[in-house]
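Shown next, in structure tokens, is the structure this report addresses.
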There are 2 protein chains.
Amino acid sequence: MDHHKQTTLFSVINAGNALEEKLSGELERIGLSMAKYGALCTLAAAEEPLPLSVCARQMTCVKSNITQLMDRLEKDELIERIPDPKDRRSVRAKITEKGAQLQKTGDEICALLEAELAQTLSAIDHKSFRETLHKIQ
Amino acid sequence: MDHHKQTTLFSVINAGNALEEKLSGELERIGLSMAKYGALCTLAAAEEPLPLSVCARQMTCVKSNITQLMDRLEKDELIERIPDPKDRRSVRAKITEKGAQLQKTGDEICALLEAELAQTLSAIDHKSFRETLHKIQ
DNA sequence: CTATAATAATTATTGTATGAACTAAATATG
DNA sequence: CATATTTAGTTCATACAATAATTATTATAG
């Protein structure tokens, strides 16, 4: 869904969306969406199964979203839900071997896009560009 | 749904998402979403009712998406569907007075955010920043 | 002219995201 | 200790975006 305003505001928004679409197109070929890949990254970085509420906090989304996302990831056998004996309210998401492998493949795809982007932007100072963008968040 | 990779790729994606979220939060206060505002902008710029397929093309999204979006806009009385006597397959979306007014209010919100962004980025050359971002799309 | 193609829009299904209402369990407070 | 509050997760309703399949109409080819 594109917008066509010639402003810096929409330049940033459209550039972000264009890259997101490109990345999500690549991820799709290995059966991942941005949401699934993001969840797998969070779980892979954690090195221990995370409570779903922690996932929601780290991924800055609401709990109900995580519930559904984990449902889909579980159906794909990329994670499994395990009960937490310390807190019987809590459910922890544990990344499977299959999930960990797919996450790594996703990282490789990101690295390729990052390299491609570096080419596109070769004329400018990446670090200052990134710092500028970071001000926006 | 945030991602946390420290790359230029995700700097652009996250910056775009941050601005989009900010804008959509402001638009929400006048009852608009990004999708609704985008459709109203397209129709307001056209100065004549547009066939839904033309809307889909201009907004780079699929027709089924437009069908649903126009359903919601029609329920809000921001557009109305009118039949096309020239081609009985075609349905044209006509922006209402209420829709046109809301679209203008949306433009004002965008202008405020653009000004705010200009402040944030005051140290850099906006034009070259925009051109850099434009390479990405 | 008739059979076939292409086009316009809708419906149905799925994925992603949010918020509200709910259940169960843990924690805090009187 | 009993009650109230908070926290964890799910379910439900809604919005938005995409795909595939369907219907209706128009255009094209033989």
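Lettering follows sequence order; numbering is per chain, from 1.
Here the side chain of A:Ala35 is nearest to one of D:dA18, D:dG9, C:dT16, namely C:dT16. Of the listed nucleotides (C:dA9, C:dA25, D:dG9), C:dA25 has the atom at the smallest distance from the side chain of A:Asp87. Each of C:dT13, C:dA8, C:dA17 was ranked by its minimum atom distance to the side chain of B:Ser53; first place goes to C:dA8. Nearest nucleotide to the side chain of B:Val62, out of D:dG9, C:dA17, D:dT19: D:dT19. Picking from D:dC16, C:dT16, C:dT18 the nucleotide with the shortest atom distance to the side chain of A:Leu69 gives C:dT16. Closest contact between the side chain of A:Met1 and the listed nucleotides D:dA17, D:dT10, C:dT10 involves D:dA17. Of the listed nucleotides (C:dT16, D:dA8, D:dA17), C:dT16 has the atom at the smallest distance from the side chain of A:Ser33. With D:dG9, D:dC16, C:dT18 as the choices, the nucleotide that has an atom nearest any side-chain atom of A:Ser90 turns out to be D:dG9.
Residue B:Asn65 places at least one side-chain N or O under 4.0 Å from the OP1 or OP2 atom of D:dA18.
When each of A:Met34 and B:Arg89 is assigned the nucleotide of DNA chain C bearing its nearest heavy atom, the one mapping closer to the 5' terminus is B:Arg89. Taking for each of A:Glu21 and A:Asp71 the nucleotide of DNA chain D with the nearest heavy atom, the 5'-most of the two is the partner of A:Asp71.
Classification of C:dA5 as syn follows from a glycosidic angle within 90° of 0.
The nearest whole Å value for the distance from the NZ atom in A:Lys63 to the C1' atom in C:dT18 is 12 Å. The separation between B:Lys75 atom NZ and D:dA13 atom C1' is 11 Å, rounded to whole Å. Following rounding to the nearest Å, A:Ile66 (CD1) and D:dA8 (P) show an atom-to-atom distance of 13 Å. Here the P atom of nucleotide D:dG9 and the CD1 atom of A:Ile79 are 12 Å apart, to the nearest Å. Between the CD atom of B:Glu74 and the P atom of C:dA9 there is a distance of 13 Å, rounded to whole Å. In this structure, A:Gln68 places its CD atom 10 Å from P of D:dT11, rounding to the nearest Å.
Between the side chain of A:Ser64 and the base of C:dG19, a donor-acceptor pair under 3.5 Å is found. A donor-acceptor contact under 3.5 Å is not formed by the side chain of B:Arg88 with the base of D:dT25.
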B:Gln103 and B:Asp107: side chain to side chain donor-acceptor pair (under 3.5 Å), yes or no, with the steps?
CA-CA 6 Å; B:Gln103 190 275 329; B:Asp107 281 352; 3.0 Å; yes
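The structure places CG of A:Leu78 at 13.5 Å from OH of A:Tyr37, a figure rounded to the nearest 0.5 Å. Rounding to the nearest 0.5 angstrom, the gap separating the OG1 atom in A:Thr7 from the CD atom in B:Glu114 is 4.5 Å. For the atom pair CE (B:Met34) and CG (B:Leu27), the distance works out to 7.0 Å, reported to the nearest 0.5 Å.
Under a cut-off of 6.0 angstrom, the local environment of NZ in B:Lys5 is crowded, with over 12 non-hydrogen atoms contributed by other residues, nucleotides or ligands.
A salt bridge links A:Asp71 with A:Arg81: the closest approach of a Lys/Arg side-chain nitrogen to an acidic carboxylate oxygen falls below 4.0 angstrom.
At a threshold of 4.0 angstrom between heavy atoms, the contacts of B:Arg81 are confined to the sugar-phosphate backbone, with no base atom among them.
Here D:dT26 sits opposite no nucleotide as a Watson-Crick or G-U wobble pair (both hydrogen-bonding atom distances under 3.5 Å). Using Watson-Crick or G-U wobble geometry with both donor-acceptor distances under 3.5 Å, C:dT16 finds its partner in D:dA15.
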